[in-house]
Structure formats: structure tokens, C-alpha cells
Amino acid sequence: MQNKIDHFAIGCSDLETGVAYIQEKLGVSVPKGGKHAAMSTHNCVMQAGNESFFELIAIDPDAPDPGRARWFTLDDPATQKRLSERPRALTWVVNTTDLDRVIADSPVDLGEVVDFARGDRTWRLTVPRDGSLPENGLLPAFIEWSPGPHPSTGQQDLEVRLQSVQLTHPDPSRIEAMLDALNVRHLADVSQGEAGLAFALNASSGSVLLD
């Protein structure tokens with residue numbers, strides 16, 4: 001089984017606000033991505049190095065009610081309040097070659113496995129039914145893609161690179177133990193502090209921390 005960072009998500013109240021925020025922080029304009037019909041969300045995406053990608057995600061105002069809680073806590077009033085202030089780091093997603101094994105070995109409930117499709121690509125993703133995030137986003141969601149090139153290879157490369165996923169928690173050893181059980185301890189830096197998630201990025205404008 002191989003696990004690597006697939007993508008990481010910055011939530012925003014609307015994509016226009018998110019694009020403007022990232023333009024200010026990173027000096028790039030994140031291109032439009034696509035729509036997620038099952039979740040009534042849409043995104044903007046760009047490459048982030050090492051076959052991973054950066055995602056801006058928001059509720060799609062033109063889409064109908066999905067009939068379920070949207071992913072990444074986007075329906076949560078507390079998240080919506082935070083996103084009304086500015087875009088925020090919501091979660092990170094790990095690409096695995098054996099999603100069923102990850103779920104079987106997980107020390108926490110990662111949610112149900114939801115099947116998605118766009119064009120000729122399909123993928124399976126862990127999504128808690130209530131729209132929550134494991135450990136409030138400190139633990140990743142897991143994705144397994146159908147065979148073929150990673151989607152990031154078709155995205156624009158604006159020379160933004162993910163340097164690290166940074167996790168803080170009052171009891172870092174607890175989070176480290178969970179990451180070990182999920183076989184992803186090597187993918188994140190963990191330190192003591194108030195619970196939080198951040199992404200350290202390099203861009204032509206310099207080093208930036210998005211939290």
C-alpha cells in the first residue's frame with residue numbers, strides 16, 4: 001500500500017473571494033476546476049508538486065440541495081462563519097492504493113466511501129455522512145483513483161509547491177499515534193498548540209502559510 005498527499009483544500013464563502021485571497025497571498029490566480037454534483041460544490045485547482053494539487057472549494061450557489069451534508073463541514077454554521085471572515089484551511093486528502101485496508105486499519109471512523117465520476121475518471125473518497133472531518137481536519141480524508149494519470153497532470157502549473165502539512169494539537173502524541181495507525185505519519189508535521197491545520201507553500205512570491 002502506498003500513501004501520499006493527493007490534495008489539500010482551502011474553503012471559501014465563494015470562489016471569487018477565494019481566488020482574490022490566494023492572488024493576494026501567493027501572487028497567482030487559481031484556475032476554475034469543476035463541479036461536484038453529488039455535493040453541490042465547485043472548485044478551482046492548480047498543481048502543487050509531486051502529483052498533488054491545491055483546491056479552493058465552496059458551495060455552488062447554482063446547484064440544488066444535495067440531499068445530504070456537504071463534505072468538509074461546508075454546511076456547518078461554525079465553518080460558514082469562519083469562511084465569511086476569510087478563506088480557511090479545511091482538510092487534506094491522502095491518495096492511497098488500498099482504501100479498503102486503510103478503513104479496516106483506521107483507529108477512527110473515516111466515514112462512508114462515496115463513489116464519484118467526472119468524464120472517464122472515477123474515484124472513491126471517505127466522507128463522513130454528517131459532513132464532519134475526522135479530528136476536525138487534522139486527520140486526512142482518503143481517496144483512491146481509478147487507473148490513469150493523476151488529475152494534477154492536467155492542471156495548470158503556476159509554480160506553487162506544497163512544502164508541508166502542519167498540524168497542531170494540545171496532545172500531539174495522540175495525533176501522531178493516529179497518523180501512525182493510518183500509515184501517514186510521514187506526511188505531516190505535528191507540534192503542540194491549539195488544535196489547527198495549516199499548509200506551508202512556496203510560490204514565486206515566497207514562502208506562505210495558509211491556515
Side-chain angles (χ1 to χ4, degrees), residues 4-64 66 70-76 79-95 116-121 123 125 127 133 137 140-141 143 145 148-167 187-189 196-211:
K4 59 180 292 186
I5 293 175
D6 186 84
H7 67 278
F8 50 100
I10 302 291
C12 42
S13 56
D14 60 81
L15 289 184
E16 292 76 12
T17 297
V19 168
Y21 181 81
I22 298 304
Q23 176 73 55
E24 177 185 348
K25 292 292 185 178
L26 299 178
V28 299
S29 181
V30 190
K32 286 185 178 179
K35 294 176 179 285
H36 313 109
M39 293 289 169
S40 294
T41 56
H42 57 171
N43 66 9
C44 294
V45 294
M46 63 179 171
Q47 292 186 25
N50 195 31
E51 291 192 337
S52 69
F53 66 92
F54 174 111
E55 177 182 43
L56 280 174
I57 190 164
I59 292 173
D60 183 352
D62 298 324
R70 293 176 178 86
W71 48 17
F72 305 163
T73 72
L74 287 172
D75 287 322
D76 187 294
T79 295
Q80 292 181 353
K81 182 178 185 299
R82 293 175 66 231
L83 297 185
S84 71
E85 298 166 353
R86 64 171 174 84
R88 306 275 186 171
L90 289 184
T91 193
W92 51 303
V93 182
V94 168
N95 182 351
F116 296 91
R118 180 182 296 143
D120 60 354
R121 292 309 300 271
W123 65 98
L125 180 72
V127 183
L133 291 167
I143 193 169
W145 291 97
H150 189 264
S152 64
T153 61
Q155 298 168 1
Q156 286 194 38
D157 184 357
L158 301 179
E159 299 183 357
V160 173
R161 296 291 181 265
L162 175 66
Q163 295 303 302
S164 63
V165 174
Q166 299 187 4
L167 313 176
L187 299 179
D189 297 332
L197 168 68
F199 307 120
L201 305 173
N202 273 351
S204 57
S205 57
S207 298
V208 177
L209 189 68
L210 298 180
D211 60 6

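When reading the values below, keep in mind they use all heavy atoms of this one structure, side chains included, and skip hydrogens, waters and symmetry mates.
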Please report the shortest heavy-atom distance between [X] and [Y], naming the atom on each side.
X	Y	answer
Met46	Val160	CE-CG2, 3.8 Å
Gly137	Leu197	O-CD2, 3.8 Å
Gly34	Asn43	N-OD1, 2.8 Å
Leu90	Phe72	CD1-O, 3.6 Å
Val19	Val30	CG2-O, 3.9 Å

remark   = Residues passing the salt bridge (Lys or Arg N to Asp or Glu O under 4.0 Å) test with Arg121, sequence neighbours excluded, are none
task = Report the residues that fulfil salt bridge (Lys or Arg N to Asp or Glu O under 4.0 Å) with Asp60, sequence neighbours left out, ordered by chain and then residue number.
result = Lys35
message = Determine whether a donor-acceptor pair (N or O, by modelled atom type, separation under 3.5 Å) exists between the side chain of Gln80 and the backbone of Leu74.
response = yes
Pairing residues for His36 by the ring pair (Phe, Tyr, Trp, His ring centres under 6.0 Å) criterion, not counting sequence neighbours = Trp71
inquiry  = So, using ring pair (Phe, Tyr, Trp, His ring centres under 6.0 Å) as the criterion, who are the partners of Phe54 when residues are at least two apart?
reply    = Phe8
query = Ala58: what forms a side chain to side chain contact (heavy atoms under 4.5 Å, CB included) with it, not counting sequence neighbours?
reply = Cys12, Leu15, His42
From [X] [atom1] over to [Y] [atom2], what is the distance, rounded to the nearest 0.5 angstrom?
X	Y	atom1	atom2	answer
Leu133	Asp76	CG	CG	9.5 Å
Leu187	Ile5	CG	CD1	5.0 Å
His7	Ile57	NE2	CD1	7.0 Å

Asn50 side chain near Leu162 side chain, heavy-atom distance below 4.5 Å = no
query = Tell me, do Leu158 and Pro31 make a side-chain contact under 4.5 Å, heavy atoms counted?
reply = yes
Would you be so kind as to tabulate the donor-acceptor pairs closer than 3.5 Å made by side chains of residues 203-211, with sequence neighbours excluded?
unit_1 : atom_1 : unit_2 : atom_2 : d
Ser205 : OG     : Leu26  : O      : 3.2
Ser207 : OG     : Asn202 : OD1    : 2.7
Asp211 : OD1    : Arg86  : NH1    : 3.3
Asp211 : OD1    : Arg86  : NH2    : 2.8

Output all residues satisfying side-chain hydrogen bond (donor to acceptor under 3.5 Å, both in side chains) with [X], sequence neighbours left out; order by chain, then residue number.
X	value
Thr73	Thr79
Asp75	Arg70
Ser40	none

task = Write out all pairs satisfying salt bridge (charged side-chain N to carboxylate O under 4.0 Å, His left out) with one or both partners inside residues 153-167, taking only residues at least two apart or from two chains.
result = Asp157-Arg161
Cut-off 3.5 Å, no hydrogens considered: what does the side-chain donor-acceptor table look like for residues 148-156, sequence neighbours left out?
unit_1 : atom_1 : unit_2 : atom_2 : d
His150 : ND1    : Glu51  : O      : 3.4
His150 : ND1    : Ser152 : N      : 3.1
His150 : ND1    : Ser152 : OG     : 2.8
His150 : NE2    : Asp6   : OD1    : 2.7
Thr153 : OG1    : His150 : O      : 2.7

request  = Sort and list the pairs that fulfil side-chain hydrogen bond (donor to acceptor under 3.5 Å, both in side chains) and have at least one residue in residues 15-32, not counting sequence neighbours.
outcome  = Asp14-Thr17
